[in-house]
Number of protein chains: 2
Amino acid sequence: MNADFRTRIENERFLVVPKASTKAQVIFVVEDDADILRLIQHHLKSAGFEVVGFPTSSGALEQAARQHPALFLLDIMLPGESGLDLCRRIRQNHKLEMTPVVFLTAKGEEADRVAGLELGADDYIVKPFSPRELIARIRAVLRRTQRPEKPAIIQIGELEINGEAMSISVGGAPVSTTPTEYRLLEYLASHAGRVFTRDQLLDAVWRDSHFVTLRSIDVFVRRLREKIEPDPEHPLYLKTVRGVGYRFERSAAGESASA
Amino acid sequence: MNADFRTRIENERFLVVPKASTKAQVIFVVEDDADILRLIQHHLKSAGFEVVGFPTSSGALEQAARQHPALFLLDIMLPGESGLDLCRRIRQNHKLEMTPVVFLTAKGEEADRVAGLELGADDYIVKPFSPRELIARIRAVLRRTQRPEKPAIIQIGELEINGEAMSISVGGAPVSTTPTEYRLLEYLASHAGRVFTRDQLLDAVWRDSHFVTLRSIDVFVRRLREKIEPDPEHPLYLKTVRGVGYRFERSAAGESASA
DNA sequence: CGCGACAGTGAAGATTCTGTGAAAAAGAGG
DNA sequence: CCTCTTTTTCACAGAATCTTCACTGTCGCG
């Protein structure tokens, strides 16, 4: 009856032959409270990040210059140099100035928060925070900052996705989509060639509201097919991967129906 | 939803007949109110999870160490050891420290919630909750926590297995496979050169359901041969090891099959 | 040279999964 | 408060896939 649940295909211990190894992103955390530090490390790790923790800001900058973390997570109140000061130094360092910074603030330190944002922080998280919020915000910041070269326009076959205008056209003819349709298509197209389970798509496209049935995705795929596929019954772009999920075909050259 | 009421939820484990080739994830629930516990069990089960319930925290940790649940769902207020304490012990246990914990809190226990989060809980659910929210949150936590291995590309001879796209091609020509065919081939290919008995293959590729005839594997091997072998009668890749099982030939360089 | 065990084959039945149409629910604007 | 758009759910039907089974062909060995 409810078959939705089992859409997960774990590649468990399938050995993997070298290819572009997906490097886990490194996050530097500076937090003096050992318990909280451990907590943060735990959550970030289980979210797939690599974490380097520091009890004080001393040494963090130097190591960062070598290791180039993807993001700094700084407590504002620190013994010795404060998080704000560290942030300032990060912003002045040529190699690190583009690295995003997220602040941790205790409830009520409104003033600090403002100061932090003025220093060029990318976000702030108020303690106590939920793990979900922590991960979500960090991912959001990374998403935002980490693609300087995100192509504004994706072109695959006849299909064109204009990220700036948030518009879509097929063979030159504009196609109107609803917001969610657009996000789904953009996500799949910008990761063309890769399979996504419905779970993953929910995570990526629906963001926070996970209160949606997995099957809803099928409906959006259908409607997108009706809009962009020459023949919705034999999709050129939006392929079904049975038992797994969906994939945007990378090379939508000219294959049509097959055996 | 034409589901019938089954009042004998707890007896169901005796009736279970394997249906899917996917492994049900086990969730440990600790909740002292028998009604609520039963309710939760019911909902989780119909969402496809396997559930083990405890009225108190005693014994839960020990059994968990053996059974490795995918997630803990803990009421905070418990007779005897509280959920918070249990969580603390979970986090200190080497084998279980990565296991996600979700708390159940009564409305208004804001303080508990904060404490829970600081202890490393991954989420909390406020009673009374809707079944949908319960499922959605648990799924969200599981999604976030257990991230699948990263795929890659395996190439042997003319054969190419793209783990990212979950697609297979021979000599550049794409070959469509069913999910199980794909898993079997990927498993064999990624352990090329090694012989596997049918039992081992069932274990690895079919996961839980050992309720499948060993001979079924022969059928899958046959169909894979038809798809990837130049000459299915004289396999280049998928070799039979008589009396034992199958092996994926490591060096399938030689093109010609027969004279 | 024949026997028994084991593997390959074809097809049929059972089961699961996705596509679809329609309708309810949730938002957005007036 | 009402109307229009978008999102989400639902139930069913048709496909695709899995599994079994009976039969045939092959291999190894005495």
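In what follows, chains are A, B, ... by sequence order, proteins preceding strands, each numbered from 1.
Residues forming a salt bridge (Lys or Arg N to Asp or Glu O under 4.0 Å) with A:Arg139 (at least two apart in sequence, or on another chain): none. Residues satisfying the side chain to side chain donor-acceptor pair (under 3.5 Å) test with A:Thr240, not counting sequence neighbours, are A:Arg225. In this view, A:Asp123 and A:Arg137 satisfy the side chain to side chain donor-acceptor pair (under 3.5 Å) rule, not counting sequence neighbours. Qualifying salt bridge (Lys or Arg N to Asp or Glu O under 4.0 Å) partners for A:Asp231, counting only residues two or more places apart in sequence or in other chains: none. Remark: A:Arg222 pairs with no residue by the salt bridge (Lys or Arg N to Asp or Glu O under 4.0 Å) rule, at least two apart or across chains. In this view, B:Glu229 satisfies the side chain to side chain donor-acceptor pair (under 3.5 Å) rule with no residue, not counting sequence neighbours. Among residues two or more places apart in sequence or in another chain, the salt bridge (Lys or Arg N to Asp or Glu O under 4.0 Å) test is passed with B:Glu160 by none.
Distance, A:Lys227 NZ to C:dG19 C1': 17 Å, rounded to whole Å.
Among the protein residues, A:Tyr182 comes within range of no part of the nucleic acid, since none of its heavy atoms lies under 4.0 Å from any strand.
Distance from the side chain of B:Thr240 is smallest for C:dG8 among the nucleotides D:dT6, C:dT18, C:dG8. Checked against D:dT6, D:dT8, D:dT19, the side chain of B:Trp206 finds its nearest nucleotide in D:dT19.
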Worksheet, complete the sentence: Under a 4.0 Å heavy-atom criterion, the protein footprint on nucleotides 20-30 of chain D, written with B, S and -, is B-----BB---
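Comment: B:Arg247 engages B:Glu249 in a salt bridge, judged by a side-chain N to carboxylate O separation of less than 4.0 angstrom.
Recorded end-axis angle for the helix from C:dC1-D:dG30 to C:dG30-D:dC1 stands at 30°, based on five pairs per end and rounded to 10 degrees.
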